[in-house]
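Structure first, commentary second.
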Amino acid sequence: MQIPGKRSLMIANGWVQAAVIVLIVGFLIMGILTYYTYTDEPPIPQFVKDAKGLTLFTRADIMAGQRIFLGNGLMEYGSIFGHGAYLGPDFTTEYLHRAALSSIRIYGETNADTAAARTIQDFKANRYDDTTGTLTYTDSQARAFEECRAYYASFFGNPTSKFGLRPNAISDREQIRKLTAFFSWTAWAAAAARPGHSYSYTNNWPPEPLVGNHATTDSIVWSVLSLAALLGGTGLLLASFGRWNLLGWHGREQQSMSFRAPDEVMLTPAQKACAWFFFVMAALFLVQTLLGGASEHYRADLQSFFGIDLGRFLPFNIVRTWHVQLSIFWVSTSYLAAGIFLAPMISGREPRGQKMLAYCLLSALVIVVVGSLFGEFAGIQGLIPNAWFGDQGFEYLDLGRVWQILLTIGLLFWVVILYRGLRGRLDSEHVGNMPWLFFFSALSIPAFYGVGLLANPGQHFTTTDFWRFWVVHLWVEDFLELFTTILVAYIFVLLGVVHERIALRMIYLDVILYSAGGIVGTMHHVYFSGEPALHMALGAFFSAAEVIPLTFLTVEAWSFLQLGAVQESKSATTFPHYWAVMFLAAVGFWNFLGAGVFGFLINLPIVSYYEIGTALTANHAHAAMMGVYGMLSIGLALFCLRYIIPQKHWSDKAAQISFWSLNLGLAWMVFATLFPLGILQLYHSISVSYYDARTLDYIGSHTNSVLEWLRMPGDVVFILGGALPILYLSALGIRYMRKGDTLEQPKDILFTDVVAQPQER
């Protein structure tokens, strides 16, 4: 029923109903998977004993070892269950391989012919007693534990930085014992048969023939079915849009536009304050690119940074921790500023005090960024040995727990700022129209980032990894994607390029298509981290569906750009946002290639089985994160700065140089280094062994080293030609911020005037 004074829903109710159903079904399935995560995760024994009944280590030792692993930043050096960084080994795989070799050697002393078979039997047999909470190791497994403990004491206690870690990274004997206990438990879960099944708790990952680990039937069957889902779904979608004009944005050519000069658009105080947000964004982006170059150099030359022993000052795990965290910080800063900038354009007013609140938010953001980076450094260096102010150690959630809480509160504060600005407009709109969707999508950002608080360094690793990927995938790939769509849609509506009704359809289509695959598709991250096979089946199938909307949206993007070109040619004034729109066009390209093609490649279970934690993962991450969210963040910055910087000081040349440098640099990074490295590493993993493909000896081989060095020209272009011009433009926004009166409560702020095209006689 229509409420008096409110604008009615601008599209058919069916769009809203379909979106709601997709979201409900998706989260209902996720609820079921959450239940099985807690009930079917690998058990952590209270005691691990040898065949004589002597205790080797306890549950408390395993959990302490996990905290040591995370607190020392080792997930940003190597990985566990395949998740983490790509320089160091996967410690689950390494322990399992070394323990198996030790067992074969021990059995070979008396019976060489049956040594391999007895080793497989030892590791596959599940000797965990659920009633007593006791896990019993065979004599060979117990001896292997002691040998591995000695090995890790030597590795982590090395007095040099030749492994990319700080000298004497972990030298305490008791800490080494507990750390080895953690590695040993993960290796046991990776080999021992899950009760009632013929495969391990990790679906027989890693591929290790020494313990009888081979690809499961599920990994092969669901790879085939996900391919079928991709091809079938893409065909149905393209057929539907070929048959029906569901969006219907064609016909806008019948209108002409007069683009308002940016200097004529009145700005509010909070909008002008956004110049400082973009300067902080650009500074963080520049630092992040420099750290990316440093982390890449470790792979090209592990022991020397052009003659400097960098590992003594900034070991690899600190460099990569900062590189990953800053990627989140600078992108988020741009999103926060864009939301604040667009709010008065959407509502037509700005309440008093928004400028002060914006500066408070920026100050809090800077404190969180600086505090968390220092805490991560101090935590990894052993100066702050707790996860509250130091280093939590989870990839993408490395920041200390206090900083994580403060960042979540800051994002909620941002939502309050937006609500104050939008409140008048929200009161007059149907809850399904664009202003409310803008607000709901903004609210989802702190809500789903806050889910990461369920990932606790002191809890079961399988459970914490499950919740971590709610942030890494659901927060980034679904709800940031939704906020992105609404931001861009509103920009094009305000510019007069797209009618609001058509933009609204596009948003609902995005919700339906992305959420249909993206919510449950989160599970493609946890195939091998201790989840039951159900997570693999649903994760693979729904993950394939994520590529379908990317295919469609790429096709539609070309139509949209052609439409924009036609409209611009009819405009009596110059279009002021050419390079901002070019960055948005680049988002479409990298979304399809980086998130779609490269993402689907590694999401197939049978490929992921041999590939997880290799350069192909980094290839997908760089192309998707920088190509989509990075390019979008810069495009949003250019759009807003174009109004903040007076025309006479604006530099289209700097924007042009940045656009081509960033895109060419990223393409060079991907196609000259990451993709070929990933293919070679995948080939080596299948033909030799996954264990060997993750060793420093293989990563530092001559062929790999040459490919790593080939990335340097692309990095130079990316940093100097791409990041520096953005910093320059953002500095112009502060130095030449438009002076004069600004509107606190304007009646109308529009970027364009749209008039009907005269009919031909």
Side-chain angles (χ1 to χ4, degrees), residues 37 40-48 56-72 74-85 88-103 122-124 126-128 135 137 141-142 144-145 147-149 151-152 155-156 170 175-194 199-208 210-213 393-395 455 457-466 468-469 525-532 535 609 612-613 690-691 694:
T37 293
D40 285 23
E41 60 192 8
I44 302 177
Q46 294 295 330
F47 303 96
V48 177
L56 297 172
F57 52 90
T58 65
R59 177 189 177 92
D61 293 333
I62 295 171
M63 299 309 299
Q66 177 177 303
R67 288 191 291 270
I68 292 167
F69 171 78
L70 294 171
N72 282 273
L74 295 180
M75 197 174 186
E76 293 287 11
Y77 174 70
S79 58
I80 286 288
F81 294 142
H83 294 305
D90 178 82
F91 293 103
T92 302
T93 303
E94 184 180 56
Y95 183 97
L96 186 60
H97 185 82
R98 287 182 170 274
L101 287 178
S102 176
S103 178
D122 281 359
F123 280 86
K124 279 297 176 188
N126 192 335
R127 298 183 178 84
Y128 173 70
L135 171 63
Y137 276 2
Q141 288 176 309
F145 172 77
E147 290 183 11
C148 286
R149 180 170 65 166
Y151 165 76
Y152 286 120
F155 182 84
F156 291 112
I170 306 175
Q175 285 194 345
I176 290 293
R177 187 185 71 83
K178 293 175 179 177
L179 182 62
T180 308
F182 173 58
F183 294 161
S184 181
W185 169 75
T186 66
W188 169 78
R194 181 184 284 271
Y199 50 81
S200 71
Y201 291 99
T202 60
N203 293 300
N204 269 4
W205 187 91
E208 180 53 80
L210 295 180
V211 299
N213 269 10
F394 292 116
E395 186 188 26
Q459 294 180 354
H460 198 295
F461 191 87
T462 298
T463 304
T464 57
D465 225 30
F466 175 82
R468 181 174 73 91
F469 280 116
H525 293 281
V526 298
Y527 293 157
F528 313 119
S529 57
E531 304 283 8
H535 291 62
Y609 183 71
I612 187 171
Y690 178 81
Y691 159 78
R694 288 293 306 271

Checklist entry - Hey, mind stepping through M75 and I80 against side chain to side chain contact (heavy atoms under 4.5 Å, CB included) and telling me if it holds? => result CA-CA 7 Å; M75 197 174 186; I80 286 288; over 6 Å; no
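- Within the 3.5 Å criterion, the main-chain N or O of Q459 finds a donor-acceptor partner in the side chain of Q66.
- In summary, of the residues considered (P207, P206, S200), a side chain to side chain contact (heavy atoms under 4.5 Å, CB included) with N204 occurs for S200 alone.
- H525 contributes no side-chain N or O that, together with a main-chain N or O of H83, makes up a donor-acceptor pair within less than 3.5 Å.
- Of the N and O atoms on the side chains of T93 and E208, not one donor lies less than 3.5 Å from an acceptor on the other residue.
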Checklist entry - Given the rule in the side-chain hydrogen bond (donor to acceptor under 3.5 Å, both in side chains) test, do N213 and Y690 qualify, once you have shown the distances and angles that lead to the verdict? => result CA-CA 11 Å; N213 269 10; Y690 178 81; over 6 Å; no
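- Between P457 and F394, some side-chain heavy-atom pair lies under the 4.5 Å cut-off.
- Considering CD1 of I68 and CZ of F156, their distance stands at 10.5 Å, rounded to 0.5 Å.
- Taking OG of S103 as the reference point, atom CZ of R98 lies at 15.0 Å (rounded to 0.5 Å).
- When all heavy atoms of I612 and G82 are compared, the closest pair comes out as CG1-O, 3.6 Å.
- When the options R177, E147, E94 are evaluated for a side chain to side chain donor-acceptor pair (under 3.5 Å) with Y152, the one that passes is E94.
- Of the possible donor and acceptor atoms, one in the side chain of T464 sits under 3.5 Å from a partner among the backbone N and O of H460.
- Shown here for N126 and A193, the closest heavy-atom pair between the two residues is ND2-O, 2.9 Å.
- Side chain of N203 to main chain of Y527: a donor-acceptor pair is present (N/O by atom type, distance under 3.5 Å, no hydrogens or angles).
- Using the six-membered ring where Trp is involved, Y137 and F57 have ring planes that are perpendicular, over 60° apart on the 30 and 60° scheme.
- When all heavy atoms of P42 and T462 are compared, the closest pair comes out as CD-OG1, 3.6 Å.
- For the atom pair CG (L74) and CD1 (I170), the distance works out to 5.0 Å, reported to the nearest 0.5 Å.
- The aromatic rings of H535 and F466 stand perpendicular to each other, their planes meeting at an angle above 60°, with 30° marking the opposite boundary.
- Closest of all the heavy-atom pairs between T202 and A190 is OG1-CA, 3.2 Å.
- Nearest heavy-atom pair across L56 and A142 is CD1-CB, 3.9 Å.
- The aromatic rings of F182 and F69 sit tilted, their planes meeting at an angle between 30° and 60°.
- Expressed to the nearest 0.5 Å, how far CG of L96 lies from CZ of F91 amounts to 14.5 Å.
- In this structure the side chain of W188 never reaches within 4.5 angstrom of the side chain of F123, judged on heavy atoms.
- Of all heavy-atom pairs spanning A64 and K178, the tightest one is CB-CD, 3.7 Å.
- When only modelled atom types and interatomic distance are considered, Y151 and T180 share no side-chain donor-acceptor pair under 3.5 Å.
- Within the 3.5 Å criterion, the main-chain N or O of L179 finds no donor-acceptor partner in the side chain of R149.
- Using a 3.5 Å distance cut-off with no hydrogens or angles, the side chains of D90 and Y95 do not pair a donor with an acceptor.
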Checklist entry - Between Q141 and R127, does a side chain to side chain contact (heavy atoms under 4.5 Å, CB included) hold up when you go through it step by step? => result CA-CA 12 Å; Q141 288 176 309; R127 298 183 178 84; 3.9 Å; yes
Checklist entry - For T58 and Q46, what are the C-alpha separation, side-chain angles and deciding distance, and is it a side-chain hydrogen bond (donor to acceptor under 3.5 Å, both in side chains)? => result CA-CA 5 Å; T58 65; Q46 294 295 330; over 6 Å; no
Item to check | Worked check of side-chain hydrogen bond (donor to acceptor under 3.5 Å, both in side chains) between S79 and R694 | outcome: CA-CA 10 Å; S79 58; R694 288 293 306 271; 3.0 Å; yes
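- With rounding to the nearest 0.5 angstrom, the CZ atom of F469 is 7.0 Å from the CD atom of E395.
- Side-chain contact check for T37 and E531: at least one donor-acceptor pair (N or O, by modelled atom type) lies under 3.5 Å.
- No close placement of the F528 and F81 rings is indicated, their centers lying 6.0 Å or farther apart.
- One distance of note links CG of D61 with CD1 of I44; it measures 12.0 Å at 0.5 Å rounding.
- Ring to ring, F461 and W185 are not that close: their centroids are 6.0 angstrom or more apart.
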